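Worksheet for the structure shown next.
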Amino acid sequence: MIETRDRDKDDRPVGHRAELGLLHFEQLANNLPESFWLIDIATKQVVFVNEAYERLWGGRMEDLRRDRFSWLSCVHPDDRPRLRRVIAENRFGGVNETLRALHPDGSVRWLQLRSFAMADDHGRIHSVGGIALDITQVVAQRDELSASIAINRSILDALPAHIALLDQDGCILAVNAGWRQFAEENDYPDDTAGVGLNYLSLCASSGVATAESSAHIEAGLRAVLDGRQSEYSTVYPCHGNTTERWFRLLATPLHNPGRGAVVMHINVTESVKAERQLAQAAHYDALTGLPNRLLVKDRIEQALAAANRQHTKVAVLVIDLDRFKLVNDTFGHGVGDALLVAAADRIATALRESDTVGRMGADEFAIVIPDLESSEDAAMAAQRIMDALARPIHAEGQELYAQASVGIALFPEDGSEAQTLIRNADTAMYRAKEVGRNNLQFYTASLNARAQGQLQMVIDLRRALERDEFCLHYQPKVSCVSGEIVGFEALLRWQHPTLGLVPPDRFIPLLEDTGGIIPVGAWVLRQACDQAVAWHRLGVGTPSVAVNLSVRQLQQSDLVALIRDELARSGLDPAALELEITESMLMHNVEDSIATLDALKQLGVRISVDDFGTGYSSLSYLKRFPLDSVKVDRSFVQDIVADPGDVSITRAVITLAHNLKLRVVAEGVETEAQLALLASNGCDEIQGYYFSRPIPVAETEAMLLAGRCLPANLLHAHGTHLPAAEALPSLAVPAAPMSTPTTGGLQGLLSRTVLDVTQEVLNFFPWPMLGVDENGLVIAINPQAGNWLGNAALLGEAARDCLPEPLLGILALRDSRPRRVIIAHHAHHVFCRPLGTAEQPRGWLLIALPEERS
Ligand SMILES: Nc1nc2c(ncn2[C@@H]2O[C@H](COP(=O)(O)O[C@H]3[C@@H](O)[C@H](n4cnc5c(=O)[nH]c(N)nc54)O[C@@H]3COP(=O)(O)O)[C@@H](O)[C@H]2O)c(=O)[nH]1
């Protein structure tokens, strides 16, 4: 090439020029850092080698010139066999190998050896060239790099964290050993450990973290990937099947912005648990596990906040075990501790779930009772606690009897702050200690007498049964048809040794609260059954006996068996036993009530709903229960004469009850007028002071033997209910409940029950009926009227705009005589009745009786 380039310009002789070229070539070659040489194919001799050979290979140039394979002796013995093989396979060039040259001084150089063929113009190969490049430094650098990569890798793998490298979209590029292991342990479906998948979607779908935390993590990570946040960190729960775990997730962007992020999950379960333990220790007592003073204070504050909102009371009780020190001193601290734990348990079980029991220190406990109805309830709770503690406690082999002194402070009376209430309850507790221990004291002294009286009554009630202080009085139930006594309601009386006859309203709630109603209720049942049998033996009829059941009795698992046994024992005909259950009791737990009543009904007894109208049930709802009769509450009866609204409600109840095949008993009938009105409206039986107050047994027998009856002139005809048209004069349907439930003349009785009943009556009423108020607006319409007029949506319309002409004519006449009208080809007799009183009508009611076809 050198020759060719110079040929045109250089005028020196060719031989000289060739020599010069060779000289230049040699100088150039010897200045190159690479070593290279040429082997002539024909002579198999090394025809050229540059000086770098000796530097790179550590061999001598003349050795190479003499033996073209002498370089092999410079090759590290480990690499030599490979080199030999490669050269044999590539005799005319094509070698490209890395090798080590072992210098005589023991040093090693890394060389990159390449060989190539050299051909003439005809493509005939005449020489093979070789070049060796010194790559010692590159190899050293590469080794260094690999070493540091390996070190980094093992550091990442050794970290107690699951680490993943994410790209900009959140796709997992690489993970560490911890991550892989976690994936394996958590049954990750394949062996990729998520590499190649999107971390953000993995978060949402893995189900390892909660949905809430997944969403939070996804948002945080997105912010890091988008460069909006330089770091994201959160602790999230990640519970296994049997273990509780928490992880801290850390995400940081890769250094090059917009290039992805590193996420790291660190198991922080231990520290979370430690934190929780700290919180537990800060708020709970270590021995009993109860809230400590701090948490009790917090609970009081919460209760006060709620009480302020709802205008209710809160009680704070401080309880101190009497002579606890003596237990410690006598039996040692182990027994003392066991006693405290047992006492804590006893206190807790004597209270509702919504109450808080805390340990204030040593042998002092505090109770928070939110949503308190009366101070007596706090006293009852304190008494329950004292009773619970008084039962023997077995602690570490010792039988102990704990007594307690209780102090009670009430919100709002005794303070409006937690600290004040605790302090005042504490003061009251010390007063309880002073007055002899094992008692309770209110902070407000005036409440003590009341509480004391009530508690004394509870104590007295416990002994009343065994001391034979109870008796039954009986109130007759009288038929409105025959006028005769058809039964008696058994009513419990307590003859207290000092207080005299205590009315049931004062002691039955206490019996219910303390569970005493169960044995007392059983006693009532037994007495009543025996008494009914005794009446039957008089031979003056077979009056029934009605017994009131309480909520607790209805929930009593052996109630049915108890009644069955009493019937069998006494020999009373089951049909002569009536069980009275209040409406609110039935609604307490409907499904259970139905099951119990069904079982009772199977015995053949009768079931009656007491106080009907005071609860929230409607008669149609009561259809679900196996009932025989309803007792209309005396609050309805009492105003029946004065308020036409009450008549209509009572009347409505009677009509509906009869439709449901239920008998109707009106209770609290005190006057002749009430009786007359009830009887004329179809009431079946009455009970009340008008006929008789509840009387002792002896008087009942005298009454039966005397054959006392209701006056015949007040009875209703032959037990049949008045035909509708005849009954109309006494029917005054209230206007308001049919349209605007919050107004109208049913003050005090505008309960949902009444409205339901009224609506039901309207719906049940078999004939068209509609009401128009004094302003001419349609205020009531039943479905039958809607059908009749071909339009049910008349409510609120002006009568003149929507009613047919014949009806408007009748309304204008306001005449109570029936008028014949034909509407939609059907003849009806339409009555117009005033709503309210005839003197001051609130509107008018149109009732259409279909004309009988002969
Ligand atoms: N679980 C049990 N409850 C019982 C038992 N015995 C009674 N009671 C319930 O106690 C409540 C009060 O009863 P009492 O003071 O006996 O009052 C009854 C009647 O005296 C009273 N009454 C009857 N007629 C009139 C009247 O004309 N006017 C008027 N003002 N009061 C009247 O009504 C009470 C009977 O009511 P009721 O039971 O709803 O029929 C009371 O709720 C009893 O149920 C028992 O053994 N167990």
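Positions are given from 1, in the same order as the sequence printed here. Please read all numbers here as calculations on a predicted model, not as lab measurements. Start at 1 and go down the list; that is how both ligands and their atoms are numbered.
- Comment: Arg552 does not engage Glu512 in a salt bridge, judged by the lack of any side-chain N to carboxylate O separation of less than 4.0 angstrom.
- Looking at ligand 1, you won't find any N or O of Tyr690 less than 3.5 Å from one of its N or O atoms.
- Within the 4.0 Å heavy-atom criterion, the part of Asp611 lying near ligand 1 is the side chain and not the backbone.
- Ion pairing between a basic and an acidic side chain is recognised when a charged N comes within 4.0 Å of a carboxylate O; Glu566 and Arg569 show such pairing.
- Between Asp558 and Gln556, the shortest heavy-atom distance links the atoms OD1-NE2, 2.9 Å.
- Contact between Arg693 and ligand 1 is absent, with no heavy atom of the residue lying under 4.0 Å from the ligand.
- Near Val524, with a cut-off below 4.0 Å to any heavy atom, the atoms of ligand 1 are 46 (O).
- Nearest to atom 23 (C) of ligand 1 among the protein's heavy atoms is Gln475 OE1, 2.9 Å.
- The single protein non-hydrogen atom nearest to atom 27 (O) of ligand 1 is Tyr689 N, 2.8 Å, given as residue, atom name and distance.
- Minimum interatomic distance between Leu704 and Pro543 (heavy atoms only, all atoms of both residues): CD1-CG, 4.0 Å.
- Of all heavy-atom pairs between Met380 and Asp513, the closest is CE-OD2, 3.1 Å.
- Surrounding CD of Gln310 are more than 12 heavy atoms belonging to other residues, nucleotides or ligands, all under 6.0 Å away.
- Not a single heavy atom of Pro503 sits less than 4.0 Å from an atom of ligand 1.
- Listed by number with element, the atoms of ligand 1 under 4.0 Å from a non-hydrogen atom of Gly668 are 25 (C), 26 (C), 27 (O).
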Quick one: do Lys477 and Glu685 satisfy salt bridge (charged side-chain N to carboxylate O under 4.0 Å, His left out)? Show the steps, please. CA-CA 6 Å; Lys477 290 182 179 180; Glu685 289 164 26; 5.3 Å; no
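- Shortest contact from atom 33 (O) of ligand 1 to any protein heavy atom: Arg634 NH1, 2.8 Å.
- Of the protein's non-hydrogen atoms, the one nearest atom 12 (C) of ligand 1 is Asp505 OD1, 3.1 Å.
- At least one N or O atom of Glu670 sits closer than 3.5 Å to an N or O atom of ligand 1.
- Arg708 places a side-chain N or O within 3.5 Å of a backbone atom of Phe691 that can act as its donor or acceptor partner.
- Residue, atom and distance of the protein heavy atom nearest to atom 13 (O) of ligand 1 are Pro504 CG, 3.5 Å.
- Protein heavy atom at the shortest distance from atom 2 (C) of ligand 1 is Asn548 CB, 3.5 Å.
- Compare Ile508, Thr671, Asp633 by their heavy atoms: the one nearest to atom 3 (N) of ligand 1 is in Ile508.
- With hydrogens left out, the protein atom closest to atom 43 (C) of ligand 1 is Leu491 CD2, 4.1 Å, a heavy atom.
- For the side-chain hydrogen bond (donor to acceptor under 3.5 Å, both in side chains) with Gln687, the qualifying choice from Arg634, Glu667, Lys631 is Lys631, the only one to do so.
- Protein heavy atom at the shortest distance from atom 46 (O) of ligand 1 is Leu492 CB, 3.5 Å.
- Environment of CZ in Arg537: sparse, with no more than 12 heavy atoms of neighbouring residues, nucleotides or ligands closer than 6.0 Å.
- With atom 36 (O) of ligand 1 as the reference point, the heavy atom nearest to it among Glu667, Gln638, Arg506 is part of Glu667.
- Salt bridge present: Asp387 and Arg462 bring a charged side-chain N and a carboxylate O closer than 4.0 Å.
- Within ligand 1, the atoms closer than 4.0 Å to a non-hydrogen atom of Gly688 are 24 (N), 27 (O), numbered from 1 in the order shown.
- For the pair His473 and ligand 1, no heavy-atom separation below 4.0 Å is found.
- Any N or O atom pair closer than 3.5 Å counts here, and Asp610 shares at least one such pair with ligand 1.
- Put simply, the side chain of Ser479 gets close to the backbone of Ser482: a donor and an acceptor are under 3.5 Å apart.
- Within the 4.0 angstrom cut-off, atom 8 (N) of ligand 1 has one or more protein heavy-atom neighbours.
- With hydrogens and angles disregarded, a donor-acceptor distance shorter than 3.5 Å links the side chain of Gln475 to the backbone of Ser692.
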